[in-house]
Amino acid sequence: MSYDRIEVTPLAGALGAEIRGVDLRRLDNQTWSEVHEAFLEFHVLAIRDQELSPDDIMTTGRRFGEPNFYPFVTGMDGYPYIFEVIKEPSETRNFGGGWHSDTTYLPQPPLATLLYALETPARGGDTLYCNTAAAYDALSDTMKDLLGRLKGVNSAGLKHSGGRSAHHAAIGGMKIQGADTADSYEAVHPVVRTCPDTGRKSLYVSRAHTIRFEGMTEDESRPLIEWLQAHQIRPEFTCRVHWEPGTLTVWDNRCTQHNAVNDYNGQRRVMRRLTVGPQTPI
Ligand code: SIN
């Protein structure tokens, strides 16, 4: 794909691109079409130098799909779908630390997440991404065949990191809600999902959310879930986004996972987050 209206600089071999030369508040059809093409090609776009109000974030998000409601953090006043991801200098735990795709425990998880940086640490606070379609492609045919017949049971309970209530209790700067209801959020999805836009298959399983395979016990499922998690995050499937205030990163939850690196204790980081495009994984 060639891009005439936007500057596209790949971040790594597997996925990710930095985008410059675009003002998301003033997108004509051709420019939007290039941004969308780049989203499907690179899966993670770090769009630099934006000045976005909450209304602008909503308008940009709606280009990808309808907004998704996030159950566990209260939205901003007047913007129930946008919430702030905040880590204060006094805090040691961050939101989104650990590899995952967003809200896979919903029946229709969001195809895209938009994260807009307001305040970033002088050092650290990057986000890692991995390409789960490339990870799928690298599997043997026999493993692909096996996984193609499995479904994953995905829970919001964060059972492998001490439970959501304990996890969120340590994140003081954010408006957490409903963590005690997390165990009631469960959804069964194919372990290999196909992107309806590209036809490409990707792994859709994570240590954070997938508690077992349908028809199997947790004990039986765990070793393969662990192996798949380790496989997906091999360095050659990853990229890293370094944030600056004004960066809007949008990622494709259908074929990526992300992990917010918690290496900036003593510094403040403030982002605004919106998920969009509820879609039943197929
Ligand atoms: C998230 O997991 O949505 C947060 C990612 C980040 O703060 O970098």
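Just so you know, ligand 1 is whichever comes first in the structure, and atom 1 is the first atom listed for that ligand. Just so it is clear, the values below take in all heavy atoms, side chains as well, and ignore hydrogens, waters and symmetry mates. Numbering of residues begins at 1 and proceeds along the displayed sequence.
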Original post:
Ion pair present between Glu18 and Arg48, side-chain N to carboxylate O less than 4.0 angstrom?
Top reply: yes
Original post:
Taking NZ, NE, NH1 and NH2 as the nitrogens, is one of them in Arg222 or Glu218 under 4.0 Å from a carboxylate oxygen of the other?
Top reply: no
Hey, which atoms in ligand 1 end up nearer than 4.0 Å to a heavy atom of [X]?
X	value
Thr127	6 (C), 8 (O)
His258	1 (C), 2 (O), 3 (O)
Gly96	2 (O)
Arg269	6 (C), 7 (O), 8 (O)

Subject >> Non-hydrogen atom of Leu115 closer than 4.0 Å to ligand 1 >> reply: yes
Original post:
So is Arg273 in contact with ligand 1, going by heavy-atom distances below 4.0 Å?
Top reply: yes
**OP:** Could you tell me whether some N/O pair between Trp251 and ligand 1 is separated by less than 3.5 angstrom?
**Re:** no
Subject >> Geometric N/O contact Thr113 with ligand 1, under 3.5 angstrom >> reply: no
Original post:
Does Arg207 make a cation-pi contact with Trp99 (under 6.0 Å, within 45 degrees of the axis)?
Top reply: no
Original post:
Is the distance between the ring centroids of Phe42 and Trp251 under 6.0 Å?
Top reply: no
**OP:** Compute whether any side-chain donor of one residue and acceptor of the other, for Thr275 and Asp102, lie under 3.5 angstrom apart.
**Re:** no
**OP:** Assess the side chains of Thr256 and His43: does a donor N or O sit below 3.5 Å from an acceptor N or O?
**Re:** no
